[in-house]
Amino acid sequence: MKRRSFIQKAAGGIALAGLGETAAAMESAVRTAVSNQAKFTMKYAPTLGMFNHHAGKDPIDNLKFIAGQGFRAAYDLGLIGRPPAEQEKIAGEARKLGLELGQFSLKTAGGVHFVTNDPAAREMLREKMRAGLEVQKRTGINKGLIVLGNYDPKLHIEYQTAHVIENLRMCCDIVGPSGLELVMEPLNTLINHPGVFLTRLPQAMMICVAVNHPCCKMVDDLYHQQVTEGNLLPNLEMCRDQIGSIHIGDHPGRNEPTTGEINYKKIFRYLFDSGYDGVLSCEHGQSKPGKEGELAVIQAYREVDPVV
């Protein structure tokens, strides 16, 4: 196993007992963890809106709550849409709290753009890359999420793939000097994203190899891939040198680990033993509403976090 390679390319406690008890009792238990003495082993990254019932809607208060529960990372896919001053404030507070910020989205989802050689589509992609570079300058975040858009039913898949490779090379040439890594995400078509072009890890790996640029990587969203193809651990192993980001969500339901069929305890142990030290984006909902649901999320990550 290329342990050193996997580490480099991935880079960019108190367990709450008695979830059947009252929400008030659970909230009291979680307050005892705000001293941040029980750091998680892995860099699970809640979104800035995951704990609104405890922290409110202010992103700074959310960062403080996330850090207070022992998390080591956070992320905000919509960061690019926030005012520049707020972006800088979020990044500064995260640094102060010792939180690593995961990828932001470059907002390339929807429409037919990467799969075409249309000049207008290419100019749109250039503008998205330039906007991403501005966010990187303000925040220091070196990963930008991209979605390759929709499949064109009027064009052979081979032509579309060739256009994707050419367009990704163009985008990588724009962001390459800054070190901003573009991570493209395969999505499932059976439940959430009918009509998208990129759906499978082997497809994404082939494109990464063809683009042949250090800034071109892929996302392994374990929820999407469980829906699309399963075989999660062998696919992680096969694609590890091209994976720039990992997303978490159980299936069915796309909620926190332990609520579906994916064995996250085993997956996180594999990642830990492999030397993975990257951010793991908590891209999922909650199986229970309100404060009780937020506490259940924290408890779930305590249950599956590898014991050192």
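The structure presented is a predicted model; accordingly, all values stated were derived computationally and were not measured.
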Sequence neighbours left out, what passes side-chain hydrogen bond (donor to acceptor under 3.5 Å, both in side chains) with [X]? Give chain and number order.
X	value
Glu185	His247
Glu88	none
Arg122	Glu166, Asn167

pair [X]-[Y]: side-chain heavy atoms closer than 4.5 Å:
X	Y	result
Phe114	Leu168	yes
Ile207	Met218	no
Asn263	Tyr270	no
Leu180	Met129	no
Arg126	Met170	yes
Asp305	Phe272	no

Just by modelled atom types, is the [Y] backbone N or O under 3.5 Å from a matching donor or acceptor in the [X] side chain?
X	Y	answer
Lys143	Gly244	yes
Gln286	Met50	yes
Gln136	Ser178	yes
Arg82	Leu79	no
Lys265	Glu303	yes
Gln103	Tyr75	no

What closest approach, in Å, do [X] and [Y] show between heavy atoms, and which atom pair accounts for it?
X	Y	value
Cys172	Val211	SG-CG1, 4.4 Å
Arg72	Thr41	NH1-O, 2.5 Å
Cys216	Gln242	O-OE1, 4.3 Å
Cys215	Gly176	SG-CA, 3.6 Å
Gly195	Thr189	N-CG2, 4.2 Å
Lys43	Ala73	O-CB, 3.9 Å

**Prompt:** Any chance CE of Met238 has more than 12 other-residue heavy atoms, nucleotides or ligands included, within less than 6.0 Å?
**Reply:**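 It does not: Met238 CE has 12 such atoms or fewer within range.
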
Determine, using the 4.5 Å side-chain heavy-atom cutoff (strictly less than), whether [X] and [Y] are members of one ILVMFWY cluster.
X	Y	answer
Leu106	Leu187	no
Val183	Leu222	no
Val196	Val115	no
Leu77	Met184	no

**Side-chain cluster (under 4.5 Å, hydrophobic types only) that Val227 belongs to, other residues** =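 The other cluster members (ILVMFWY side chains, heavy atoms under 4.5 Å, direct or chained) are Leu190, Ile191, Tyr223.
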
**Message:** I'd like to know if Glu86 pairs up with Lys89 as an ion pair, taking the criterion as any Lys NZ or Arg NE/NH1/NH2 lying under 4.0 Å from an Asp or Glu carboxylate oxygen.
**Reply:**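 Salt bridge flag = no for Lys89 with Glu86.
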
**Prompt:** Are Glu294 and Lys291 close enough for a salt bridge, meaning some N to O gap below 4.0 Å?
**Reply:**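 A salt bridge is absent here (no side-chain N lies under 4.0 Å from a carboxylate O).
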
Just list the side-chain donor-acceptor pairs under 3.5 Å for residues 148-159, sequence neighbours left out, or say none.
unit_1, atom_1, unit_2, atom_2, d
Asp152, OD1, Lys154, N, 3.0

Ring pair (Phe, Tyr, Trp, His ring centres under 6.0 Å) contacts touching [range] (sequence neighbours left out):
range	value
residues 160-191	none
residues 165-214	His193-His224
residues 118-150	none

**Prompt:** What salt bridge (Lys or Arg N to Asp or Glu O under 4.0 Å) pairs are there with at least one residue in residues 250-263, not counting sequence neighbours?
**Reply:**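 Residue pairs passing salt bridge (Lys or Arg N to Asp or Glu O under 4.0 Å), neighbours aside: Asp221-Arg254, Arg254-Glu283.
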
Output side-chain donor-acceptor pairs under 3.5 Å for residues 59-68, partner residues at least two apart or in another chain, one line each.
unit_1, atom_1, unit_2, atom_2, d
Asn62, ND2, Leu48, O, 3.3
Asn62, ND2, Gly56, O, 2.8
Asn62, ND2, Asp58, O, 2.9

**Prompt:** With Met206, which of Leu201, Thr161, Ile165 fulfils side chain to side chain contact (heavy atoms under 4.5 Å, CB included)?
**Reply:**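 Of the listed residues Leu201, Thr161, Ile165, the side chain to side chain contact (heavy atoms under 4.5 Å, CB included) partner of Met206 is Thr161.
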
**Passing option when Val219 is tested against Leu145, Leu198, Val147, Ile246 for side chain to side chain contact (heavy atoms under 4.5 Å, CB included)** =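 With Val219 as partner, side chain to side chain contact (heavy atoms under 4.5 Å, CB included) holds for just one option, Leu145.
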
**Request:** Begin with the C-alpha distance, continue with both residues' side-chain angles, and end with the deciding distance and a verdict on side chain to side chain contact (heavy atoms under 4.5 Å, CB included) for Phe40 and Arg302.
**Result:** CA-CA 8 Å; Phe40 283 99; Arg302 291 293 177 196; 3.5 Å; yes

**Message:** Can you tell me how far apart CG (Leu236) and OG (Ser274) are? Round to the nearest 0.5 Å.
**Reply:**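 Spacing of CG (Leu236) from OG (Ser274) equals 8.5 Å.
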
**Request:** Return the set of residues passing side chain to side chain contact (heavy atoms under 4.5 Å, CB included) with Arg200 (not counting sequence neighbours), or none when no residue passes.
**Result:**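 If we apply the side chain to side chain contact (heavy atoms under 4.5 Å, CB included) test to Arg200, skipping adjacent residues, the hits are Pro202, Gln203, Thr228, Glu229.
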
**Message:** I'd like to check the ring-ring contact (aromatic ring centres under 6.0 Å, His included) partners of Tyr301; sequence neighbours left out, ordered by chain and number.
**Reply:**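 Checked Tyr301 against ring-ring contact (aromatic ring centres under 6.0 Å, His included); matches are Tyr44, His284.
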
